[in-house]
Amino acid sequence: MYEQQSHSLLNAILNQIEPEFSKHDLRYFYTRLGANFYAIHSLFERLYGKRPDFAEQAQRLVETLARQYIDRSEELRAKDIEREQDYNWFLSQKWVGMALYCNGFAKNLQGMREHLHYFQDLGINLVHVMPIMKCPEGKSDGGYAVSNFREIDPRAGDLNDLRGLADDLRQRDMLLVMDVVLNHTSDQHEWAQKARDGYSPYREYFYTFENRHVPDMFEQSMPEVFPETAPGNFTWNKEMQRWVMTVFNDYQWDLNYSNPTVFIEMLDIILFWANQGADIVRLDAVAFLWKKIGSTCQNEREAHLILQLMKDCCQVTAPGVLFIAEAIVAPVEVTKYFGEDAVIAKECEIAYNATFMALLWDAVATKNARLLNQGIKSLPVKLERATWLNYIRCHDDIGLGFDDKDIELAGYEPRDHRRFLIDYFTGQYADSHARGVPFGQNDKTGDARISGSLASLVGLQYAVDIGDEQAIDDAIRIIVLLHSLILSFGGLPLLYYGDEIGTTNDESYRDDPVKMDDSRWVHRPFIDWQKAVQRNVPGTVEYLIFNQLKTLIAVHKELDAFADFNNRDLVEVDNPHLFVFERYHLQKPADRVLVIANFDKRSQRLDLDQLPRWSQSYQGHLVDAITGQSPEKFGNTVVVPRFGCYWLTEV
Ligand code: GLC
Ligand code: GLC
C-alpha cells in the first residue's frame, strides 16, 4: 500500500543505506519491502514511535533485513519464490511431523543425519529439532535458556553440521523446524553478563529494578509459570544489586521488547536461522512477550503487534519461512496468534492446539467425549491460511487448559473434575493404570499439571510391568486412537519422539541434581536403538505401535479431505463415548471422510440415521480407509470397537 509518510521515510532510509548493498541484486527484496513497508512502519511506530531515536532504529531495521537477504543462499531464495507461488503448500495433508531432542534422539546432529531413514520409514517429513543453541551445562531448561543465539551447542555439533542436516532434509523433501527462544535469555548470555557489568545499553535489554516497588506491583496480577521451582517473577541479582524479571526459571532473564534494539536483535536472529536452512521457526512462549503492570503479562495487545511486525519483516527477507506460535493459553486467546487477517495482519501461520491436546486427555480419563465435544465447539474459528499444530504429547507438561464453563456444560463441577484428572493421570484414582507425575503444583491456586510419557499415561507401562495382555492391547489401542485423531482433525500432526515405539517414563532424571525438581524430564527420553529395532519384529509392542502409526500416516497423506482449509464439521451424536466429525474436500464434495472415535473400553454403536448424509449413501459401500474394510454393522448401525477409530469413506 502507498502512503506518503511511510514512503518518504522509506526513501530517506534507502538513500542512506550502506553503499555496499548496491552491489547486490536486491530486486525481490525491494518489491517485498515496498509491499510491506507501510505495515512495518505503522507497527514499528506504534511500538516505538515516541522514542527520539525512532528514525535511526527504523534505518537499522531495514538494514538488518537487507543484510540477511544478501546472506540468503540462492537455493533458499528459490524456495521462497516457489512457496510464494504455491502459498497454501503448508496446509496440505502431506506433512507429518515429529518433535525431538537431538541428544535424546541420536546424541548429536551427526547422529541425526544418520537416522533420517527412520523418519522416512514411519512417514515423517517434518522434523522439529528442539533448541540446540548454546546453553549452560546445568541450568538450561532443556535448551530454553540460551547463552548464544548464533552458535550450536558444542554437545550437538556446529553450524556446519546443522547446515548439513538442513541440506540432507531438503534433498529428501523434508522440512526443518527450529526453536528461537524469543522471550528470554540465559543469565549466562553475553547481554546479561554485560548488564551485570554495568553497561547501561545492555541493562535496557532486560527488566531490572533497584527495589521492590515495581516488581511488587507486577506480582499482584502475574501468575507463576513454575510455582514450585521458581516462585515469583523476579530474582535478586547480587552483582547488579537489582531485581531482574525472570518469569520462567530464575536463570532465564526476560527480554525487554519495549526496547527496539531487542526487537531488531531477535529479528536478526530469526533471519539468521532461516538462512541456515530452517523452514519453520517455532517461537517460544510468545504469549509472554509484553509486560504491563496490572495485567497477567500474557496475551497483551503489544505482544501481537510484535509478532505481526516480525512476520511482516520476515516476509521481506525470507518469505518462505513460517512461524509456529507456542502459546499455551485459553482457547479464546490462542486463535489470536494467527493474526487478524491472513494478508494484512498476519502473525504465525501455525499454532499449538493445546486445547485439543488437553481435551483428548480428558476423553482418555473419562472414557467419554462429553468435554471434548463441548470444548471443540467453543474453539473459535481460525483464520484462513493458518493451521493448527495437533499433538498428543510434547516435551512439556499437560496443562488442563480448557474453560471451566465448558466443564460445567459437559456436566461436571470444574474443581472436582480437574482434581479427578490429576488423580487419574498420576495413578491415584482407583481405576487408573496411568503412571504420570505431578508438575507445577500451586498450593495457592490449587492448580496442577501432569508430566509423563504417552505410553505411561495410557497404561502401557503398568500393563507391561504386570504382563497383562488385555491391558497391553487396550493401551496400544489408545495410542493408535489418539494418533488417528491428531492426524485427521485438520492441521499439522506432530508426533513426539519415542511415542512411535511406546517409550515409557524415564525415571533417571531423579538422580540428576539439575533435573530432579523438574518432572518434565520423565518424558524426555534417550532412544534405545536396540529396542527400536523391535519395530521390525512382529508381535512386539514396538512393532504393533510403529506399524499401525505407519499405516495411519500413509493413509492420511492420501486423503485430500484431510488438508486444512477449515473443512471440518463436528457431528453431534447421542452416544457420549464417541467423538465424531466430518472432513470434506472444498472442490470435490464427494471426497468426504467420517471420523468416528470411541473412547470407551467397550464397543459402541453409532446410529447412522442421526447422520442423514451418511445414512442415505450407506448401502454397504462405506469403507474404513485405515483398514480398507467395511466397518462392522448391524442394520443402519455402525459398531465401533473398543478404543477404536474409523475413517469412513464412500466407495
Ligand atoms: C517454552 C518451552 C518450555 C520452556 C519455556 C521457557 O514454553 O516449551 O519447555 O520451559 O518455554 O523457555
Ligand atoms: C506454561 C507456558 C508455556 C510453557 C509451559 C512450561 O504453560 O505457557 O509457554 O512451556 O508453561 O511448563
Side-chain angles (χ1 to χ4, degrees), residues 97 99-104 128-136 138-147 149 153 177-189 192 206 222-233 235 244-255 257 266 269 280-289 291 297-299 303 307 323-330 333-334 337 348 350-354 357-358 389 391-399 401 437 439-440 449-453 494 496-497 509 514-515 517-525:
L100 50 86
Y101 271 116
C102 173
N103 68 335
H128 171 199
V129 185
M130 281 184 284
I132 41 166
M133 291 169 207
K134 201 167 177 196
C135 63
K139 295 180 168 184
S140 76
D141 190 22
Y144 286 96
V146 177
S147 55
F149 284 111
D153 195 274
V177 184
M178 289 187 71
D179 266 89
V180 175
V181 185
L182 283 186
N183 179 66
H184 43 257
T185 73
S186 154
D187 61 1
Q188 301 305 307
H189 192 285
F206 303 98
M222 283 177 89
E224 294 167 315
V225 179
F226 299 133
E228 295 163 310
T229 49
N233 290 286
T235 302
V244 186
M245 185 183 277
T246 54
V247 170
F248 288 84
N249 288 297
D250 57 12
Y251 52 85
Q252 288 165 306
W253 288 23
D254 285 67
L255 284 163
Y257 279 87
M266 296 313 286
I269 287 161
I280 303 180
V281 179
R282 175 195 188 265
L283 302 179
D284 179 64
V286 286
F288 295 83
L289 291 182
K291 317 295 199 284
C297 298
Q298 289 184 44
N299 307 314
L307 290 170
F323 290 170
I324 300 179
E326 192 250 351
I328 312 301
V329 297
E333 293 295 340
V334 69
Y337 290 89
C348 302
I350 309 171
Y352 276 69
N353 197 350
M357 180 276 298
L389 185 160
Y391 64 113
I392 306 162
R393 288 300 292 118
C394 70
H395 68 295
D396 280 331
D397 48 290
I398 302 171
V437 186
F439 178 81
R449 296 175 262 162
I450 305 144
S451 289
S453 73
L494 189 75
Y496 184 60
Y497 78 120
Y509 78 100
V514 292
K515 294 181 178 168
D517 292 328
D518 187 338
S519 66
R520 291 177 298 170
W521 289 102
V522 82
H523 57 250
R524 296 173 176 178

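Whatever order the structure lists them in is the order used to number ligands and atoms, beginning at 1. What's counted below: heavy atoms across the whole structure, side chains too, no hydrogens, waters or symmetry copies.
With ligand atoms numbered from 1 in the order given, ligand 1 contributes 3 (C), 4 (C), 9 (O), 10 (O) to contacts under 4.0 Å with heavy atoms of R520. Listed by number with element, the atoms of ligand 1 under 4.0 angstrom from any heavy atom of F226 are 10 (O). For ligand 1, the atoms sitting less than 4.0 Å from at least one non-hydrogen atom of D396 are 2 (C), 3 (C), 7 (O), 8 (O), 9 (O), numbered in the order shown with element in parentheses. Interface atoms of ligand 1 facing H184, defined by a heavy-atom separation under 4.0 Å, are 6 (C), 12 (O). Residue contact check: Q252 has heavy atoms under 4.0 Å from atoms 6 (C), 12 (O) of ligand 1. Residue contact check: D284 has heavy atoms under 4.0 Å from atoms 1 (C), 2 (C), 7 (O), 8 (O), 11 (O), 12 (O) of ligand 1. Ligand-side atoms of ligand 1 in range of D141: 4 (C), 5 (C), 6 (C), 10 (O), 12 (O), range being under 4.0 angstrom from any heavy atom.
Salt bridge annotation for D141-K515: absent, with no cationic side-chain nitrogen under 4.0 angstrom from a carboxylate oxygen. Of the charged side-chain nitrogens involved, at least one lies within less than 4.0 Å of a carboxylate oxygen, so that D179 and R282 count as a salt-bridged pair.
At a threshold of 4.5 Å between non-hydrogen side-chain atoms, the residues W253 and Q188 do not count as touching.
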Do Y497 and R524 pass the side-chain contact (heavy atoms from CB on, under 4.5 Å) test, and can you show the C-alpha distance, the side-chain angles, and the key distance before you say yes or no? CA-CA 9 Å; Y497 78 120; R524 296 173 176 178; 4.2 Å; yes

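Here the side chain of R393 pairs no donor or acceptor atom with the backbone of S453 at under 3.5 angstrom. When atom types are taken as modelled, the side chain of H184 and the backbone of Y144 share a donor-acceptor pair closer than 3.5 angstrom.
Taking the ring pair (Phe, Tyr, Trp, His ring centres under 6.0 Å) definition, one finds that F323 meets it with nothing, sequence neighbours left out.
When non-hydrogen atoms are compared, ligand 1 lies under 4.0 Å from the side chain of F248 (C-beta onward) but not from its backbone.
Assignment of M130 to the shell around ligand 1 is not supported, since no heavy atom sits closer than 4.0 Å.
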